[in-house]
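Notes follow once the structure below has been shown.
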Amino acid sequence: MPRENLTQKRERAAEIEQRMFEHYGEGACSLDHVDPFTLTVAVILSAQCTDAAVNKVTPELFARFGTPEAMAAASIEDIEAIIHPLGFFRSKAKNLKACAQTVLAEFGGEVPRTMVDLQKLPGVGRKTANVVMCQAFRDPQGIAVDTHVFRIAHQLGFATRNDDTPEKVEAKLMKIYPQPDWLYINHQWVHFGREFCVARRPKCQECFLADICPSSGK
DNA sequence: ATCCCGAGGG
DNA sequence: CCCTCTGGAT
């Protein structure tokens, strides 16, 4: 099969994006939150655990420490006790407190609105910063590549074996998809990754992209 | 046994 | 570049 060129990838991506909209709309964020700070907290907590598990602990967490002021003043032990069912609870608790302190000390109590400043917050890397820029500020500066997006990009043939880091996959996707689509790709693909393109055994027989996916049935 | 909306540190 | 942090679900 001849290698697909960039123009062809873009055309296929446009068709995929249209179908994603038909199935998932703009892709609702499945992490419960009420503002940029609680979204940032929820995304930090979501590393290596399911969103459902995060949503189970955030009601109590936000009730007690739902603002930068409250979180910055909280004890690490109290935060750990609440988020304990999640993975990496020690480092996450430390990061949440330091993150809140940084928001207060460096950014006047407001979650910053640029990729550079967001990534100055402890616990916030490129993926989390991308989610906050898209979901909270509607200002896409990149594409959040998590485990789902990473896997699906390879399955769809938009990334190669050589693209072995989230950064490389993100760069490929940013060339293929127009910037307005960056807002929706992460959430739509996460839903898609849970429903059809699951890691273990993709449900290609039922998948609505099977006819335009190079990995279908493999 | 493997996976889940990663980030920090060495 | 690698390693570590972590527990629950399937």
Side-chain angles (χ1 to χ4, degrees), chain A residues 20 23-33 36 38-58 60-61 76-77 79-103 111-112 115-137 140-156 159 161-170 173 181-203:
Chain A
M20 287 285 185
H23 281 259
Y24 304 116
E26 296 186 357
C29 183
S30 50
L31 291 169
D32 295 339
H33 64 283
T38 50
L39 174 67
T40 304
V41 169
V43 179
I44 289 173
L45 291 176
S46 72
Q48 294 298 302
C49 75
T50 63
D51 56 319
V54 175
N55 291 337
K56 206 174 287 185
V57 306
T58 46
E60 183 182 358
L61 187 67
I76 299 285
E77 291 75 19
I79 301 173
E80 285 182 355
I82 297 173
I83 69 172
H84 185 269
L86 311 180
F88 311 147
F89 67 89
R90 271 187 276 267
S91 56
K92 285 175 182 174
K94 181 159 63 78
N95 283 337
L96 289 183
K97 182 175 169 71
C99 176
Q101 290 174 323
T102 303
V103 166
V111 175
M115 289 293 290
V116 169
D117 283 347
L118 277 168
Q119 288 174 98
K120 291 177 183 172
L121 303 177
V124 177
R126 183 164 182 90
K127 182 262 173 179
T128 300
N130 269 322
V131 172
V132 174
M133 288 301 292
C134 288
Q135 182 67 28
F137 302 134
Q141 296 299 305
I143 297 169
V145 177
D146 54 43
T147 179
H148 288 295
V149 174
F150 186 87
R151 180 180 71 254
I152 294 167
H154 284 90
Q155 293 282 71
L156 288 174
R161 281 181 299 277
N162 216 0
D163 301 316
D164 54 358
T165 67
E167 289 75 17
K168 290 179 187 174
V169 170
E170 181 181 358
L173 291 176
D181 288 350
W182 300 357
L183 277 176
Y184 314 116
I185 289 174
N186 178 263
H187 289 123
Q188 290 172 336
W189 288 28
V190 167
H191 288 289
F192 175 66
R194 284 199 296 245
E195 187 173 1
F196 296 104
C197 205
V198 294
R200 253 305 167 196
R201 183 189 293 218
K203 303 174 182 172

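Quantities reported herein were computed from a predicted structural model and do not represent experimental measurements.
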Determine the interatomic distance between [atom1] on [N] and the same-named atom on [M]; round to the nearest Å.
N: B:dT2; M: C:dT6; atom1: C1'; value: 15 Å
N: C:dG8; M: B:dA7; atom1: P; value: 22 Å
N: B:dC5; M: C:dT4; atom1: P; value: 24 Å

Quick one: [X] [atom1] to [N] [atom2], roughly how many Å, whole number?
X: A:Ile79; N: C:dT6; atom1: CD1; atom2: C1'; result: 17 Å
X: A:Leu86; N: C:dG8; atom1: CG; atom2: C1'; result: 9 Å
X: A:Phe89; N: C:dT4; atom1: CZ; atom2: C1'; result: 14 Å

- Item | Contacts of type salt bridge (Lys or Arg N to Asp or Glu O under 4.0 Å), residue A:Asp32, not counting sequence neighbours | none
- Would you list the pairs meeting side-chain hydrogen bond (donor to acceptor under 3.5 Å, both in side chains) in which at least one residue belongs to residues 146-156 of chain A, sequence neighbours left out? A:Asp146-A:Asn186, A:His148-A:Arg151
- Message: Output one letter per nucleotide in nucleotides 2-10 of chain B: B when a protein non-hydrogen atom lies under 4.0 Å from the base, S when only the sugar-phosphate is that close, - when neither is.
- Response: SSBBBSS--
- Item | For A:Gln48, all residues meeting side chain to side chain contact (heavy atoms under 4.5 Å, CB included), sequence neighbours excluded | A:Phe88
- Go through the structure and list residues passing side chain to side chain contact (heavy atoms under 4.5 Å, CB included) with A:Glu26, not counting sequence neighbours. A:Phe21, A:Arg138, A:Tyr184
- Query: What pairs meet the salt bridge (Lys or Arg N to Asp or Glu O under 4.0 Å) rule with one or both residues in residues 41-51 of chain A, with sequence neighbours excluded?
  - Reply: A:Asp51-A:Arg194
- Parallel, tilted or perpendicular: which describes the rings of A:His23 and A:Phe196, with under 30° parallel and over 60° perpendicular? perpendicular
